Structure formats: structure tokens, C-alpha cells
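Written below as C-alpha cells is the structure these notes are about.
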Amino acid sequence: MTLHLYDTRRKEKVAFHPAIPGKVQMYVCGITPYSPSHLGHARCYIAFDLLHRWLEASGYDVDYVQNFTDIDDKIIRTANEEGIDFLEVANRNIADYYEVMDALGVLRADYYPRVTEHLEGIISMIEKLIEKEHAYTASDGVWFSVASAPEKFGTLTGNTLDAVQAGGSGRLVESGKKDHHDFALWKAAKPDEPTWDSPWGPGRPGWHIECSAMSLHHFGESFDIHGGGFDLRFPHHEAEIFQSECCTGREPLVGVWMHNGFVRVDGEKMSKSLGNFWTVRDAFNNYDPLVLRYALLNAHYRNPIDVSEQLLDDAKTNQRRLAEGYGQALIAKEEGEALEPLPPLPTPDASSDSYLPKRLGIIEALAEEAARALDDDLNSRIALAKVQAGISSIDETLQSDQIDEYDTASFAKFAVDWIEEIAGDILGVLPEPAIAKAARDPRLDPKRIAVKEEVEALLARRGIARHAKDWAAADEIRERLNEMGITVTDTPDGASWSIKE
RNA sequence: GCACAGGUAGCAAAGCCCGGUUACGCGAUGGACUGCAAAUCCAUUUUACAGGGGUUCGAAUCCCCUCCUGUGCUCCA
């Protein structure tokens, strides 16, 4: 099965064939760093991180470019308010971006070009567009003339020129553009704004041209995949199509246009004005980054996702299940090392009557199903379900008395590899081995070791109280431990305890 | 208004492109276990697809109409 991706332009899933076999050129619109990253960013870059990982796992050599739009009205406004240079604002938020995305397991792109480093390319592109009469100068800058290539209008959205007229009219008076569909390529300098020199006087680039210039710089006249948030389809991405295709004469600019769905909160778009705005760091206060990643991958990337405590709590449960299963396999693998050399595993065969070949067959089939799901427009929801099914099956096998300790040890090695490949390398939702082992066996948790002595002293006293059937005293000690963040669990072998999260 | 998405069991969310069968999970209920809990395990909750027409042996899935929700409709949101 080959990878199929949904193309916004063609409005259908298409078989993915990069222009150069084996290589993928992929460009994803990056952030405008005027404020810390929010959940919408997390969703977008996790979605494209999954694509990045899956393409590489599928054997492609991926060239991934993601820009920073480091000059923009909102950056300038923030800088002026704080009385600092605009680049300071941009750099601060770019640092925040890297930090939170690293925590979310988003692998780095190959290049992170910045607008302020591509003025030359931007200017030469505008010059060419003027030369080809796709753009014109006005007192307030340079504008792209949509009427010079009207057939490109609505490429991604299905909008028509007439339809957009209705909403866009009335704003024409304030600018030098001839037609309200036109958009700025170059903005003439205004007071209190950083400027660059250009053939049209000092000013700065319009919002859309940077992506055209940077993709041209890195990939040339066309490339395989262009991604971004759903809201960027119009005007941003359609503007890119106008600029790039009119400049180079080559079309289409992009093989597959991909757009991820919105993040909503309580059914509405997350926005600062509604007071439902979550930065990624806000989420980190209450949830582990990998839990957030799990939650966002637990819905298909194109569908809207409603972020709620329930969604995150569910993800927490699921991600923990995964961590525990991984921890168990790791522990079993380590225990098995004493038994080396181990026998080779039998050939997997899901239809076998023999226990181990059957289990191996089932688990391998799950991996194939997960791969098929990802090949089908990155259905991460299904892939995660298959992983969970695999975890259950592994758990069952490790505890089974139908295989001896040698086979169990061999199986544990297989299980660790299986989990690390799918849940770790591809989906990126797997914790570090030490954390996973602690999740499975609390005795291995450093935090636990720190309080061990005190807790066990209290439990000893509680044991005496219980033995005397002094339930009041026993419960009082349990409550005291509870306040310390310790959960006590009575078992037939005596009391055990764990640290609450 | 126009455009683009979405409306699936108590919740959440796949499936829709390629009509006929699955989901993972949360919650709930019952049971095992327990001094009581917690955790865990087992079982049950397995004919839901916004509404109305149509096509078909058969539709969540294809066609038509309607309703509801969200987002976009340009560089200032």
C-alpha cells in the first residue's frame, strides 16, 4: 500500500508520489513569533511531525522547511509597547517555540528560514512580478494584481471573486490598491516600524511573499508538500500560489496541500478574546507533554478537535497504559538477560494453534494495520488503537504460563523493539525507559526511594493497628499518608503503596 | 450572503473516498477481591450514525433537499 494524503486543492486523497523518487520536499508554514506558542501550534506541528516521521519511516529522504515570520504588525506592536527591538520579541518567542515543541517530541525541521534573512529573495521576486505585470506600485507599497491571473482565485477554497467582493468591499478607500482582491507584496515604511531598503523605497515585506521566496530558495519552483493550519488556506496559501506561479511560470507550485483542523475549546475556536486561550505551557502545568501529544494524535489531523479536561484525562489514562506496558516489557527483557543465550523466536503465524507463533502473528499483524492506517492519510487514531491492542497482547503474553522463561525473555526483546518502533519512533508518544519502568514498577521510581523509609515506618505502625483491628488508628495513618501524596493499597501479601501524581 | 469543514451509542472518536463485518478508550452497571476503600481482573453496557426523500437485494457510507455548529471571506482581527 502506498501513502495516500488528502490534497486540499484536489479535494481528495491522492497517492503520494514525490517529484524525485525517494525524496520529499516539504514546507510547513511556521509561526509568527509575537506571543508564546499555543495549542493550535501544538496541534499543527505535531501533525506535520507525524508526517515527517512517517515519511522517514517509509524510507523517504525528507527535506523539511519551516519558516519563522519574524516581522509582522503584531511583533512590532509588542516591541513598541515594551520599548524593545522587534527582533528581541521574535527571538524570545522562537526560543519558547523550540522549547515547547522539543518537549512535545516534535523533531526539528531541516531548516528554519526567517523573513528577515530573505529580504533579497523577496525583493527580487517582487521585481519579477512587477516586470511580468502581475504587480504594481502605489504610494503605500507594491500590490499583487489578482485580476492578472483570475483563474487562480479560489484554488484551495472554492471562493469566487464575486463572492469575496461582498465581504471585502468598503476597505478599499484606505489603501493604494486598485482592486480589493489585491494583496500587499511590499508595504511602504510607516513611523515606528523597522524598514529595509528596496527599489520602492524603505518598507517591509507583505505577509504572504516570504513563504514564496523561502520555498523558492530552498526547493526551487515547485515542491511536494505544503502544510499549515486550515485557516491559512485563504488568503495566505492562495496568495502564495499567485505569487510563486506568476513569478516562475511553473505550476502547480505544490504537489499536495495539507491543512490541519482547528483546535476548539468548548466548541468554539480558541482565541484570546474569548478567554479560552491555552498556551502550550498552560497545558504543561497540568499535563505531561507526551499526554498532550497523545491527546492531539488521538483525533484525525484534519478534523476539528475540542480540547477539554476530559480529552486530556482520557489521553493521560491511555498514555499511562502505554507507558506501563512498555515498562513491563523492559523489565522482562532485563530479567531475561540473565538467561542468555536465548532461543530464537518461532515464525509468527496468527493462524497457528501453537501459542507463541500465534501471539507473534497477532502482534505483527497489528503493526501492519497501524502502518496501513498511517498510509491512509495519517490516521493516527487508528494507529494508536492498534498500538494499544498490541500492548494488551504483549502484556498477556508476558504473563502467560504457556511459555517458559526462556521464550518469555526472547519475546520481551521482540516486544520492546515492537513498542519502541511504533509508539516511539513513529508516533512519538513513548516515555523514556526509566520513566516507563517506574510507571510499571513503582519500586524503581527515584521519587519513591526518597520517601521510602518514612512511609514504611508509618505502614508498619498501621499494620500493627490493623492487626489489633483498630480501624480508626489504621485509617488515620492511611489518611496521613494520603496527605503526603501516598496511596496505600492493601493486598493479601500486606500493604503496598504508590505515589499519587 | 458566499465558501469550506463538521453533525456517529452516556462521553469521546474511527469508519464515509473503495455500500454488506471490526474499533482503542473513558464513563456506567454487575461480579471476584477487601474490615472499608483503592487498584486490578472478569463480565455487561455490542444494531449509534442530525432530519426528510431517493438509488440499491442491502446505506452511516452514493444522490437530492432541509436543519444545526464551526471557520474563512485579505495584509488593521
Side-chain angles (χ1 to χ4, degrees), chain A residues 4 6 8 10-14 72-74 77 140-141 143-144 146 154 156-169 171-172 174-175 177 179-187 190 204-209 229-236 238-239 242 259 261-262 264 267-269 271-273 294-295 298-300 302-306 308 310-319 321-322 366 369-370 373 376-377 379-392 399 466-467 469-472 474-475 478-479 482 487-492 495-498 500:
Chain A
H4 282 65
Y6 184 86
T8 308
R10 283 173 278 183
K11 291 195 180 126
E12 61 182 354
K13 286 181 198 169
V14 296
D72 154 274
D73 297 313
K74 292 179 290 265
R77 195 197 309 140
D140 56 352
W143 297 88
F144 186 91
V146 168
L156 298 177
T157 56
N159 281 333
T160 61
L161 283 164
D162 288 347
V164 174
Q165 189 115 26
S169 58
R171 304 183 208 186
L172 188 51
E174 298 160 30
S175 74
K177 59 179 160 183
D179 184 316
H180 78 270
H181 295 104
D182 295 349
F183 52 89
L185 296 171
W186 188 261
K187 300 171 169 188
K190 284 188 263 181
R204 60 188 172 95
W207 172 34
H208 316 297
I209 189 70
F230 196 75
D231 51 343
L232 294 181
R233 294 173 311 150
F234 188 90
H236 187 59
E238 289 199 5
F242 274 113
H259 295 96
F262 292 118
R264 294 192 205 158
E268 289 175 306
K269 185 188 179 184
S271 76
K272 283 180 179 168
S273 57
Y294 195 109
N298 208 202
H300 186 83
R302 277 192 288 123
N303 284 341
I305 188 169
D306 212 328
S308 63
Q310 197 209 330
L311 181 89
L312 290 164
D313 286 342
D314 280 1
K316 190 173 179 173
T317 306
N318 282 316
Q319 203 267 348
R321 188 181 301 270
L322 193 59
L366 287 167
E369 285 166 28
D376 186 13
D377 197 31
N379 197 327
S380 51
R381 171 88 178 184
I382 298 281
L384 283 170
K386 299 301 177 189
V387 168
Q388 293 290 7
I391 290 285
S392 301
Q399 292 186 33
R466 292 185 73 215
H467 190 69
K469 297 203 191 295
D470 182 357
W471 308 126
D475 287 349
R478 183 166 65 188
E479 182 51 32
N482 192 39
T487 303
V488 177
T489 306
D490 290 321
T491 72
S496 75
W497 56 283
S498 60
K500 284 189 291 191

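Lettering follows sequence order; numbering is per chain, from 1. The structure displayed is predicted, hence computed values, not measured ones.
Below 30°, between 30° and 60°, or above 60°: for Phe183(A) and His208(A) the angle between ring planes is above 60°, a perpendicular geometry.
The same atom, C1', is picked in A23(B) and in A13(B); the two are 10 Å apart, to the nearest Å. For U22(B) and C4(B), the P atoms lie 33 Å apart once the distance is rounded to whole Å. As rounded to the nearest Å, C65(B) and G1(B) have P atoms that lie 16 Å from one another. Taking atom C1' on both C16(B) and G6(B), the two are 13 Å apart, rounded to the nearest angstrom. Spacing of C1' atoms, U46(B) relative to A14(B), comes out at 16 Å, to the nearest Å. With C1' as the reference atom, G58(B) and U47(B) are 15 Å apart, rounded to whole Å. With both ends at atom C1', the span from U21(B) to A60(B) equals 14 Å, rounded to whole Å. Remark: the separation of the P atoms in G27(B) and C64(B) is 42 Å, to the nearest Å.
Residue Arg478(A) places a side-chain atom within donor-acceptor reach of the base of C36(B), judged by atom type and a 3.5 Å distance cut-off alone. With hydrogens and angles left out, the side chain of Arg321(A) and the base of G25(B) share no donor-acceptor pair within 3.5 Å. Under 3.5 Å, the side chain of Arg381(A) and the base of C24(B) form at least one donor-acceptor pair of N or O atoms.
Counting any heavy atom pair closer than 4.0 Å across all strands shown, Gly158(A) reaches sugar-phosphate atoms only and no base atom. Across all strands shown, His300(A) has heavy atoms under 4.0 Å from sugar-phosphate atoms exclusively, and none from any base. Asp72(A) comes within 4.0 angstrom of nothing in the nucleic acid, heavy atoms only. Within the 4.0 angstrom heavy-atom criterion, only backbone atoms of the sugar-phosphate kind lie near Ala299(A); the bases stay farther away. At the heavy-atom level, Arg77(A) lies under 4.0 Å from the strands shown only through sugar-phosphate atoms. Within 4.0 Å of Asn318(A), counting heavy atoms only, lie sugar-phosphate atoms of the nucleic acid but no base atom. In this structure, Leu384(A) reaches neither bases nor backbone, as no heavy-atom distance under 4.0 Å exists between it and the strands shown. No engagement by Arg302(A) is indicated, since no non-hydrogen atom pair under 4.0 Å with the nucleic acid exists.
Dashed line: the shortest gap from a side-chain N or O of Asn379(A) to OP1 or OP2 of A23(B) is not under 4.0 Å. Between Lys386(A) and C24(B), a side-chain N or O to OP1/OP2 separation shorter than 4.0 Å is absent.
Of the possible polar contacts, one joining the Glu238(A) side chain to the Thr157(A) backbone as a donor-acceptor pair under 3.5 Å is found. Looking at Asn159(A), its side chain never comes within 3.5 Å of a backbone N or O of Gly154(A) through a donor-acceptor pair.
Rounding to whole angstrom units, CZ of residue Phe262(A) and C1' of A77(B) are separated by 14 Å.
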